[in-house]
Amino acid sequence: MPLVNNKVGDDCTIGTDKALAEGKALVDSLIRVVACYRHLASCVGGCTDSLQLRDELRQTREKAQKLAMTICHHLTSHLRDKSLPEERRKEMELLWVSFSSSLELLHVDMCKVFNMGDTFSLVNTDTLVQTGLQGGGSEVAARALSLPDLNQTQSPTLPAGLEEEERSTLEKEISQVDHMIEDMEMKVNVLRWMVEPHGPQYADPLSSTDSASLALLSVDEEQPGQQTLCQRNQIFVLLLLFAVVLVAGTLSVCVVLFS
């Protein structure tokens, strides 16, 4: 009778659980950083656009790319492991979908910043759109970068050649992220439409059903009053039409008699 080494199995399970927890923590961090970058990207070209905003975008973008490289290596090594349990594989695939979707959002926002920077140059601040907003995104960027504060004293004038250098660097980074997305699809074949979403990151179907039920209940509760009001309006319209017909008939009879 073959002996089963339970200790090895337990160690493997513990290692898989630890890897899964690390993957979740990394993906959650990336989601937050990408969300912060999207918030900062929405300010490009507006009245809050400045040299400090562009620097915050650069730092947030660098943090997102470092996280993406770490996550890509972490998830790829585990998803290509043939000995990974089926249940853990499903959870890893779910993390992979969240990661790849966040990376695509980052790529879209990076392209947006690149195009907006080409249209709205900091050399001529008169071209910026006066949106009426005040303040910057330093607090948002500080949260994304896990820093206490990012309030830095920026020079009022733009150094010569800095904007062109920044655009060239951003263009290279966009190409790198695009290559990373293609490389991910080649290394790991995870069909997104085959991955079933679940967990706290996604909408709870039960809560959605409860909300829909409450909405229908509130509509049902309002219907009797609405029906009564509708009936009263119909009666009033009928009485008004009857009065108009009666007056018209009376006038017609009077015209015939006195003619």
Hey, what do you get for CZ (R89) to OG (S83), rounding to the nearest 0.5 Å? 8.5 Å
Sequence neighbours excluded, every pair satisfying salt bridge (charged side-chain N to carboxylate O under 4.0 Å, His left out) that has a member inside residues 37-46: R38-D109
Mind running side-chain contact (heavy atoms from CB on, under 4.5 Å) on L20 and L95 for me, showing each step along the way? CA-CA 9 Å; L20 184 61; L95 288 177; 3.7 Å; yes
Salt bridge (charged side-chain N to carboxylate O under 4.0 Å, His left out) involving E62 - partner list, sequence neighbours excluded: R58
Basic-acidic side-chain contact under 4.0 Å: K90, E93: no
Rounded at 0.5 Å granularity, tell me how far CG in L79 sits from CE in M92. 6.5 Å
Does H74 have any ring-ring contact (aromatic ring centres under 6.0 Å, His included) partners at least two apart in sequence or in another chain, and if so, which? H78
side-chain contact (heavy atoms from CB on, under 4.5 Å) partners for R167, two or more places apart: F114, D118
In Å and rounded to the nearest 0.5 Å, what is the CG to CD distance from D17 to E22? 11.5 Å
Same cluster (ILVMFWY, side-chain, under 4.5 Å), M69 and W96: yes
Can I get a per-line list of side-chain donor-acceptor pairs under 3.5 Å for residues 175-183, giving both atom names and the distance, sequence neighbours left out?
| from | atom 1 | to | atom 2 | distance (Å) |
| --- | --- | --- | --- | --- |
| D183 | OD2 | K187 | NZ | 3.2 |

The reported gap from CG in L30 to NZ in K66 (rounded to nearest 0.5 angstrom) is 14.0 Å
Taking atom OG of S100 and atom CG of L105, what is their separation to the nearest 0.5 Å? 10.0 Å
Hey, what do you get for CD1 (I71) to OG (S29), rounding to the nearest 0.5 Å? 7.5 Å
Taking S168 for the side chain and E164 for the main chain, is one N or O donor matched with an acceptor at less than 3.5 Å? no
Residues which pass side chain to side chain donor-acceptor pair (under 3.5 Å) with E166, listed by chain and number, not counting sequence neighbours: R61
In the structure I gave you, are the side-chain heavy atoms of E104 and V108 within less than 4.5 Å of one another anywhere? no
